[in-house]
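Encoded as structure tokens, the structure appears first; notes follow it.
Just so it is clear, the values below take in all heavy atoms, side chains as well, and ignore hydrogens, waters and symmetry mates.
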Amino acid sequence: MERFHNITDVPGVKVGNEEDKLGYTGCTVLLLEEGAVCGVDVRGSAPGTRETDLLNPVNLIDRVHSICLAGGSAYGLDAASGVMQFLEKKGIGLDVGAGVVPIVPSAVLFDLPVGDPSIRPDQKMGYKAASNAKSGYFPLGNSGAGCGATVGKIAGHHRAMKGGLGSASKVLPNGLVVGAIVAVNAMGEIRNPETGEVIAGARDDQGKIKSSLEWMLEQPAIPLKPGTNTTIGVVACNAKLTKSQASKVASMAHNGLARTIYPVHTMFDGDTIFSLSTGDMNASVDLIGTIAADILAEAVILAVKNAEGIKGFPSSNEVNESH
């Protein structure tokens with residue numbers, strides 16, 4: 001199985017990022033100029049989303065034109081309006097007779113305490129991210145929606161480490177391409193599924209990573225407010241899927257989060273995964289979902305390993321090198 005680089009290896013997918021390094025927040029836009037079938041699976045108990053009801057298989061709309069992932073908590077949902085403005089200018093969207101209405105589902109993560117909380121992704125940032133969208137290389141780590149992402153907050157923000165944006169993809173011998181992109185902002189720790197090593201998590205008084213289970217057993221309550229975390233992402237393939245099949249792929253892809261984030265899907269997370277189908281290749285849902293989980297797990301690890309430390313939130317590389 002040959003390895004590719006990121007989710008733009010899936011035909012029809014472009015990615016654009018924009019961030020504010022003062023506010024430590026940003027947004028990531030997946031541009032789907034030809035449209036794509038889309039499903040979603042929300043597992044966390046504190047989600048921030050937009051247009052996800054449209055993706056229910058019983059509802060009318062069957063194609064989306066972009067996905068917007070953003071920081072800023074619920075304020076960041078405003079970035080999707082900027083993406084809509086960009087697409088409208090290009091004439092891309094659902095034809096309603098009186099013009100086009102771009103369909104842009106969105107999900108957000110909580111990064112307000114990391115930088116300046118008054119700076120959040122807005123329409124201007126969403127428009128800029130959409131205009132930046134392209135195929136090929138884009139930076140991981142402190143980029144786009146991963147700019148202010150942090151992990152290991154189970155013992156409070158003061159013990160957390162830097163999360164970030166990750167992406168990966170694979171092509172199978174039959175030509176099936178599956179990719180993933182994820183902004184990792186989890187309450188839990190990050191584990192390498194191949195080795196079992198905890199590469200980022202909550203730090204003790206000596207700056208060493210201490211397991212999430214130990215923190216939960218020792219603490220009377222988790223010192224966080226609801227909705228202060230969340231891992232959000234997208235998996236995509238060049239196969240032909242219905243909305244219900246795409247939703248099943250999104251469901252299976254969550255296994256990639258379960259392999260790398262511990263604990264995951266908590267009361268403090270709003271974990272949301274979208275699934276895109278951009279092609280007409282025949283492939284089984286089980287195959288696509290299995291590969292999607294593998295690629296999403298890889299993207300989570302790449303997000304953390306490519307992250308750079310910022311004030312108060314050291315990177316995985318910094319902490320592991322010092323111990």
Inset, instruction - Inspect the surroundings of CD in Q219 and state if more than 12 heavy atoms from other residues, nucleotides or ligands are less than 6.0 Å away. - result: yes

Inset, instruction - Report yes if the side chains of V300 and L257 come closer than 4.5 Å at any heavy-atom pair, otherwise no. - result: yes

Legend entry - Side-chain touch M187/P263, heavy atoms, less than 4.5 angstrom: yes

Inset, instruction - Mark yes when over 12 heavy atoms from residues, nucleotides or ligands other than D53 sit less than 6.0 Å from its CG; otherwise mark no. - result: no

Inset, instruction - Verify the neighbour count for atom CD of E34: are there more than 12 heavy atoms of other residues, nucleotides or ligands below 6.0 Å? - result: no

Inset, instruction - Not counting sequence neighbours, which residues clear side-chain hydrogen bond (donor to acceptor under 3.5 Å, both in side chains) with K210? List them please. - result: E218

Inset, instruction - Could I get the full list of side-chain hydrogen bond (donor to acceptor under 3.5 Å, both in side chains) partners for N185, not counting sequence neighbours? - result: K153

Legend entry - Note, C27 side chain near N17 side chain (heavy atom, < 4.5 Å): no

Distance-only criterion, 3.5 Å: show the donor-acceptor pairs between side-chain atoms of residues 101-111 and protein atoms not counting sequence neighbours.
{"unit_1": "S106", "atom_1": "OG", "unit_2": "C68", "atom_2": "O", "d": "2.9"}
{"unit_1": "D111", "atom_1": "OD1", "unit_2": "T25", "atom_2": "OG1", "d": "3.4"}
{"unit_1": "D111", "atom_1": "OD1", "unit_2": "G72", "atom_2": "N", "d": "2.8"}
{"unit_1": "D111", "atom_1": "OD2", "unit_2": "T25", "atom_2": "OG1", "d": "2.8"}

Inset, instruction - Output every pair passing ring pair (Phe, Tyr, Trp, His ring centres under 6.0 Å) with a member in residues 70-98, not counting sequence neighbours, ordered by first then second residue. - result: F86-Y127

Inset, instruction - Identify whether V37 and I273 are in the same connected component of the hydrophobic contact network (ILVMFWY, side-chain heavy atoms under 4.5 Å). - result: no

Inset, instruction - Would you tell me whether R43 and S251 have side-chain atoms, one donor and one acceptor, within less than 3.5 Å of each other? - result: yes

Inset, instruction - Mind checking side-chain hydrogen bond (donor to acceptor under 3.5 Å, both in side chains) for D116 and listing every partner two or more places apart, or none if nothing turns up? - result: S118

Inset, instruction - Among residues two or more places apart or on two chains, list those pairs meeting ring pair (Phe, Tyr, Trp, His ring centres under 6.0 Å) that have a residue in residues 269-306. - result: none

Inset, instruction - Name all pairs fulfilling the side chain to side chain donor-acceptor pair (under 3.5 Å) condition that reach into residues 276-291, sequence neighbours left out, sorted by first residue then second. - result: none

Inset, instruction - Taking the side chain as every heavy atom from C-beta outward, state whether K162 and S316 have any pair of such atoms under 4.5 Å apart. - result: no

Inset, instruction - Among Ile, Leu, Val, Met, Phe, Trp and Tyr joined by side-chain contacts under 4.5 Å, find the other residues sharing a cluster with V114 and list them by chain and number. - result: Y24, I310, F313

Inset, instruction - With sequence neighbours left out, write down each residue that passes side chain to side chain contact (heavy atoms under 4.5 Å, CB included) with E33, or none if nothing qualifies. - result: K14, L31, K90, I92

Inset, instruction - Following the transitive rule for hydrophobic clusters with a side-chain heavy-atom cut-off under 4.5 Å over Ile, Leu, Val, Met, Phe, Trp and Tyr, establish whether V13 and Y137 coincide in one cluster. - result: no

Inset, instruction - Give every residue pair that meets the side chain to side chain donor-acceptor pair (under 3.5 Å) criterion with at least one member in residues 54-69, sequence neighbours excluded. - result: none

Inset, instruction - Not counting sequence neighbours, which residues clear side chain to side chain contact (heavy atoms under 4.5 Å, CB included) with P193? List them please. - result: R259, T260, I301

Legend entry - Neighbour count >12 (heavy atoms, 6.0 Å) for atom CG, L60: no

Legend entry - N132 and E18 side chains, donor-acceptor separation under 3.5 Å: yes

Inset, instruction - State whether the number of non-hydrogen atoms from other residues, nucleotides or ligands found under 6.0 Å of K305 atom NZ is greater than 12. - result: no

Legend entry - Non-neighbouring partners of S135 that pass side-chain hydrogen bond (donor to acceptor under 3.5 Å, both in side chains), sequence neighbours left out: none

Legend entry - Any K170 side-chain heavy atom under 4.5 Å of E298 side chain: yes

Legend entry - Check: A180 main-chain N/O paired with S167 side-chain donor or acceptor under 3.5 Å: yes

Legend entry - Heavy-atom neighbours of K134 NZ exceed 12 at 6.0 Å: yes

Inset, instruction - Answer whether the closest heavy-atom distance between the side chains of E189 and S211 falls below 4.5 Å. - result: yes

Inset, instruction - Compare all side-chain heavy atoms of D271 with those of V42 and state whether any distance is below 4.5 angstrom. - result: no

Inset, instruction - Tell me whether I67 is reachable from F138 by hopping between hydrophobic residues (I, L, V, M, F, W, Y) whose side-chain heavy atoms are closer than 4.5 Å. - result: yes

